[in-house]
2 protein chains.
Amino acid sequence: MEMDSRKQKILEAVVLDYIETAEPVGSRTISKKYNLGVSSATIRNEMADLEEMGLIEQPHTSAGRVPSNAGYRYYVDYLMSQSDIQEEAKQLIQQAVKDKQQQVSDVLRDSMKMLAEVTNCTTVMMLDDSKGSTLQLLQLLLVEPGKALMVIITEGDKIENRFLEIPESMTKEDLDLVSMMINQNLRGLKVDDWQRNILENIFQNLTRQRQVVDCALEMLSSILNVQGKDKKIYLDGGLNMLSQPEFKDVNKVKNLLQSLEQQEVLSQLMEGDTETGITVKIGSETGLDEVKDCSVIVASYKVKGETVGKVGLIGPTRMDYATAVSMLNTMAQTLEEAYQENE
Amino acid sequence: MEMDSRKQKILEAVVLDYIETAEPVGSRTISKKYNLGVSSATIRNEMADLEEMGLIEQPHTSAGRVPSNAGYRYYVDYLMSQSDIQEEAKQLIQQAVKDKQQQVSDVLRDSMKMLAEVTNCTTVMMLDDSKGSTLQLLQLLLVEPGKALMVIITEGDKIENRFLEIPESMTKEDLDLVSMMINQNLRGLKVDDWQRNILENIFQNLTRQRQVVDCALEMLSSILNVQGKDKKIYLDGGLNMLSQPEFKDVNKVKNLLQSLEQQEVLSQLMEGDTETGITVKIGSETGLDEVKDCSVIVASYKVKGETVGKVGLIGPTRMDYATAVSMLNTMAQTLEEAYQENE
DNA sequence: TGTTAGCACTCGAATAAAAAGAGTGCTAAC
DNA sequence: GTTAGCACTCTTTTTATTCGAGTGCTAACA
């Protein structure tokens with residue numbers, strides 16, 4: 001059995017109506033609301049076919065049809081129109097970005113909040129610092145004898161602070177010297193590009209400050225590395241989904257939200273093909289039992305061809321994919337632009 | 001009508017049983033479970049009295065009794081025994097604090113998480129930076145021409161970073177000079193102690209760097225001030241309450257959790273008599289309609305006689321006050337000790 | 001005078017039965 | 001190929017009924 005244009009229209013109608021009403025949709029509804037020019041009986045026949053194809057299903061005998069995961073998939077892949085919301089979304093997001101003259105991460109957070117509100121979903125943002133995290137500036141500050149603060153600015157104006165134990169005898173001048181050396185030699189380089197033995201050579205004449213250099217490098221490396229490893233993840237709008245009828249059961253809600261609090265879960269949800277730009281995972285496609293009733297949309301954004309972060313949207317499988325994809329898309333684009341300007 | 005010892009025992013029984021079971025408790029239950037040596041009929045009479053006094057109430061005619069807010073109040077003020085849990089709590093908390101060799105704020109967060117888990121409540125911690133926020137170290141770093149990073153360390157090792165637009169012509173040396181001057185003159189002082197006109201004098205000979213000084217001072221002041229104004233608040237275990245039967249309704253949950261996401265709400269909940277150490281607000285005593293079914297317990301902890309932070313616990317009015325108060329108490333104490341060691 | 005057993009009464013909760021409705025699948029006619 | 005019609009299914013809603021926990025009151029008792 002193959003898909004003809006009428007079947008497509010009917011499937012689309014089922015998906016759209018279900019997204020809107022959260023109720024199983026019957027043949028009568030479709031023939032009335034979406035004027036396909038055929039009677040409900042005809043639609044019933046077609047629906048039986050669609051069900052056989054696994055695209056829709058009945059919760060029980062005397063109920064209307066509901067899209068299956070495969071149905072959503074088909075809708076997302078072939079039926080969904082994206083452009084209609086684009087303009088509106090773009091304006092909303094761009095405004096949010098421009099409204100604030102802040103650090104990028106703050107803007108991001110604000111945008112995500114807005115996105116969560118508009119879509120009534122939970123949003124996730126993940127800064128994959130490992131890729132773009134080249135050293136821009138490092139400075140060691142003497143806080144008090146024996147204690148220094150290491151300030152690290154990596155590309156993209158991300159700042160890290162870390163306290164450091166140092167020998168009591170170290171002076172401000174020693175620290176300045178070390179800072180300068182490190183800056184001179186490592187500025188603009190990625191961690192991956194360091195080579196321990198070369199560094200050894202460079203710093204070997206800093207005998208007096210040797211201890212601090214070692215320690216600082218150690219930390220620096222761990223910071224830049226760690227940033228990549230367990231990436232920074234922010235979540236917003238976790239409560240939004242509570243308005244959706246599929247989460248009227250408290251236990252379900254609790255489980256879901258608790259899952260989303262675990263970084264590993266989020267990490268897995270957010271992984272996907274970073275090349276294609278946007279990934280849609282529907283229900284069980286997420287591969288996680290905890291969120292099998294949810295869908296996830298992930299967009300990654302790049303700077304200079306490298307993925308530096310991802311933004312994601314988590315909602316019930318019955319979510320408004322068209323709007324969500326559009327908005328995420330626009331979001332990613334806008335962020336890329338914002339980043340570029342910032343360089 | 002006044003309170004005799006038997007009435008107290010009965011009230012206590014009602015409170016304890018209701019805390020345990022979350023079901024209205026009847027006279028029969030009390031006479032059986034808590035052996036007061038009198039029959040259920042007698043208890044019924046007494047309960048009628050207690051109801052008249054406003055300490056307990058009936059959800060409906062044929063149900064058992066439930067403590068009223070006033071009933072809880074009486075229990076907390078006169079009946080509650082606190083010592084029993086103390087030792088256990090102390091060990092749990094102290095272990096949590098000692099487990100980690102981290103910055104104070106991290107330890108705090110961990111302890112709060114643990115507290116939330118044990119009590120099945122939501123915990124809040126509030127760092128009242130305003131009090132202790134004297135300047136410890138300030139340094140301006142030249143990131144690139146026209147752009148500087150201001151690093152500020154305030155007492156208690158709290159770090160703030162802020163980017164700064166500066167004239168393109170400014171050099172690293174200029175910034176160092178400014179940093180040094182600011183440090184020399186403001187180190188160890190609170191914002192309140194600055195006096196604009198005196199500063200004017202001090203810095204008036206820095207004509208070349210004038211613009212940066214102004215800007216930096218402006219920011220510095222705003223940072224130190226703001227830290228005091230809207231205090232840093234961390235929340236943990238927001239989901240814990242979902243296990244409680246009083247929150248089986250999703251809408252209630254949503255409203256509650258959304259309220260708790262608002263800083264103003266939390267701020268108001270956490271305010272109270274900082275002198276007495278611990279404050280218990282029951283139900284409507286919180287003064288907030290959003291949380292009228294909740295109780296809040298707040299403990300403040302002090303360093304050198306000044307309140308530097310508060311830890312709070314939010315749960316349903318039917319919460320285990322005895323345990324909660326004990327644990328919070330211990331928590332506050334342990335934190336004070338930890339702080340003192342840290343100094 | 002305080003305590004207790006006994007009992008009628010109340011009112012929510014649980015259970016059962018009945019009715020209503022929505023939607024389907026199938027058949028036969030167009 | 002399309003459609004009207006109809007019997008059938010299964011959920012939801014409604015209504016009625018029963019059940020039971022707990023009370024308040026009264027009268028007897030120590």
Side-chain angles (χ1 to χ4, degrees), chain A residues 1-11 13-15 17-18 20-68 71 245-246 248-249, chain B residues 1-11 13-15 17-18 20-68 71 245-246 248-249:
Chain A
M1 182 158 321
E2 81 276 12
M3 208 67 174
D4 56 26
S5 145
R6 191 168 66 188
K7 279 196 177 53
Q8 288 191 329
K9 286 213 182 79
I10 292 175
L11 175 59
V14 172
V15 172
D17 207 74
Y18 186 62
E20 188 187 339
T21 64
E23 298 287 333
V25 7
S27 53
R28 227 178 115 73
T29 313
I30 293 186
S31 88
K32 281 199 163 175
K33 204 161 156 187
Y34 307 79
N35 41 343
L36 305 186
V38 287
S39 78
S40 67
T42 311
I43 292 180
R44 271 205 290 286
N45 287 330
E46 297 283 40
M47 279 168 100
D49 290 350
L50 285 170
E51 179 156 19
E52 207 176 312
M53 295 161 76
L55 296 174
I56 57 181
E57 48 200 21
Q58 282 182 289
H60 54 263
T61 335
S62 72
R65 302 306 211 291
V66 161
S68 67
E246 25 268 281
K248 63 181 188 302
D249 175 34
Chain B
M1 183 156 323
E2 81 275 12
M3 208 67 173
D4 55 26
S5 144
R6 190 167 69 188
K7 280 196 176 54
Q8 288 190 329
K9 287 213 182 79
I10 292 176
L11 174 58
V14 172
V15 172
D17 207 73
Y18 186 61
E20 187 188 337
T21 65
E23 298 287 332
V25 8
S27 54
R28 228 179 113 74
T29 314
I30 293 186
S31 89
K32 280 199 166 177
K33 204 160 156 188
Y34 307 81
N35 41 344
L36 305 187
V38 287
S39 78
S40 66
T42 310
I43 293 180
R44 271 205 290 287
N45 287 329
E46 297 282 42
M47 279 168 100
D49 290 350
L50 286 171
E51 179 156 19
E52 205 176 312
M53 294 161 77
L55 296 174
I56 57 181
E57 47 199 22
Q58 282 182 289
H60 54 263
T61 332
S62 72
R65 302 304 212 293
V66 160
S68 68
E246 25 268 281
K248 64 181 190 304
D249 175 33

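Values in this document were obtained by computation on a predicted structure and should not be read as measured data. Note that these values count all heavy atoms, side chains included, but never hydrogens, waters or copies made by symmetry.
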Taking atom [atom2] of [N] as reference, at what distance in whole Å does atom [atom1] of [X] sit?
X     : N      : atom1 : atom2 : result
A:E46 : D:dT3  : CD    : P     : 11 Å
A:K7  : D:dG1  : NZ    : P     : 11 Å
B:I10 : C:dG2  : CD1   : P     : 15 Å
B:E52 : D:dT23 : CD    : C1'   : 16 Å
B:L36 : C:dT3  : CG    : C1'   : 14 Å
B:R28 : C:dT4  : CZ    : C1'   : 14 Å
A:H60 : C:dA22 : NE2   : C1'   : 8 Å
A:R6  : D:dG1  : CZ    : C1'   : 8 Å

Q) Taking only Watson-Crick and G-U wobble pairs with both distances under 3.5 Å, what dot-bracket line describes DNA chain C, where [ ] shows pairs that cross earlier ones and | shows pairs with another strand? A) ||||||||||||||||||||||||||||||
Q: Do nucleotides 25-30 of chain C as a string where each nucleotide becomes B, S or -: B if the base has a protein heavy atom under 4.0 Å, S if just the sugar-phosphate does, - if no protein is that close.
A: B-----
Quick one: does [X]'s side chain get under 4.5 Å of [Y]'s, heavy atoms only?
X     : Y     : result
B:Y34 : B:I10 : no
B:S5  : B:K7  : no
A:S68 : A:I56 : no
B:E52 : B:M47 : no
B:S39 : B:T42 : yes
B:E2  : B:M53 : no

Q: Return no unless some side-chain N or O of B:S27 is found under 4.0 Å from OP1 or OP2 of D:dG22.
A: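 Indeed not, no polar side-chain atom of B:S27 lies that close.
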**Q.** Closest non-hydrogen atom pair, B:L11 against B:L50
**A.**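 Looking at all heavy atoms of both residues, the shortest contact is N-CD1, 4.0 Å.
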Q. At their closest point, which heavy atom of B:P24 faces which heavy atom of B:P59, and how far apart are they?
A.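 So the two residues come closest at CG-CG, 3.9 Å.
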Q.
Under 4.0 Å, heavy atoms only, any strand: does A:T61 hit a base, just the sugar-phosphate, or nothing?
A.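 Sugar-phosphate only.
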Q: Could you check which of C:dG21, C:dT24, D:dT3 has an atom nearest any side-chain atom of A:M47?
A: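 The listed nucleotide nearest to A:M47's side chain is C:dT24.
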Q) So, does the side chain of A:S62 form a donor-acceptor pair with the base of D:dC10 at under 3.5 Å? A)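 Present.
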Q.
Do the side chains of A:E51 and A:R65 get close enough for a salt bridge, i.e. N-O under 4.0 angstrom?
A.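 A salt bridge links A:E51 with A:R65.
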